[in-house]
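Okay, so here's the structure we're looking at.
Whatever order the structure lists ligands and atoms in, that order sets their numbers, starting from 1. Numbering starts at 1 and runs along the sequence shown. What you see is a predicted model; the values in this text were computed from it and never measured.
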Amino acid sequence: MLVDSHCHLDFPDFNGREAELVAAMAANDVGHALIAGVTLERFPSVRALVERFSNLYAAVGVHPDTQEGKEPDEATLIRLAAHPKVVAIGETGLDYYRLEGDLEWQRDRFRTHIRAARRCGKPLIIHTREAAADTLRILEEEDGGKAGGVFHCFTETAAVAQAALALGFHISISGIVTFKNALQVKEVARSVPLDRLLVETDAPYLAPVPHRGKLNHPALVRHVAEEIARLRGIGLDELTQATTTNFQRLFAPEKDA
Ligand SMILES: [Zn+2]
Ligand SMILES: [Zn+2]
């Protein structure tokens, strides 16, 4: 079964449809999904979902684009990450695309997440957009490779992917890989070693072809996997087995898989 390694099933877009979408996962051979945190205020809804559905997991963190709400400190992240179904810290990272001005606070917040991940021994879910050099530099300065984790919804160059791999990170590919013009993402999806690759939806955003422009949800990760298998010239079964094994190894969720 496939795993959606990154979604936002707690978002209001899905209100009241969660059970239906979890059922759709099973119908599409998608066994698990990981819900990434974006604010501390939303975290109780994330936790409620992973407590309700046995095959959902959570990450706790505050997204680099989040400007309102509580600023996370290490102790808070570590306390919330102690929940048995919280398997990672994130999403965190840097985003110089959405926000402008002095973003030192983003870098400070990123460092806080890396330190929390190292202290509690859980991997990082990293969001990076137009900030690859600083993301890699801060990971090196904070020894983020010791926590490990994944660069999610990867859209950077193959060279950035190589640098992330060299630090010990995994690369997760989203539905962008199904978009005709996404040549750079297709190239990365082809070249990342199979034992470092994950797949995701980032739902509700970025629905893959043939659902582009519609509401995305975890079951649609199947289309992401099919496109990557096609690009690599391997069977869907091989890609499924590799990416699910990687997910289990990285996040070590309970063995009820
Ligand atoms: Zn993200
Ligand atoms: Zn996300």
## Note on the structure
Looking at Glu91, the N/O/S atom that lies nearest to the Zn ion (ligand 1) is called OE1
### Query
Would Arg212 count as a cation-pi partner of Phe179, with NZ or CZ less than 6.0 Å from the six-membered ring centre and within 45° of the ring normal?
yes
#### Entry: N, O or S atom of His8 closer to the Zn ion (ligand 2) than 2.8 Å
yes
## Note on the structure
To the Zn ion (ligand 2), the closest N, O or S atom belonging to His6 is NE2
### Message
Taking the side chain as everything from C-beta on, heavy atoms only, tell me whether Arg42 gets closer than 4.5 Å to Phe11.
### Response
yes
### Query
What's the atom name of the N, O or S in His127 nearest to the Zn ion (ligand 1)?
ND1
### Message
I want to check something: taking the side chain as every heavy atom from C-beta on, are Glu187 and Leu183 in contact at a cut-off of under 4.5 Å?
### Response
no
### Query
Is His63 close enough to the Zn ion (ligand 2) to have an N, O or S atom under 2.8 Å?
no
### Asp202 atom (N/O/S) at minimal separation from the Zn ion (ligand 2)
OD1
### Query
So, the side chain of His32 versus the backbone of Thr244: is there a donor-acceptor pair under 3.5 Å, distance only?
no
### Message
Just so I know, are the side chains of Leu9 and Pro218 near enough to count as touching, which here means a heavy-atom distance under 4.5 Å?
### Response
yes
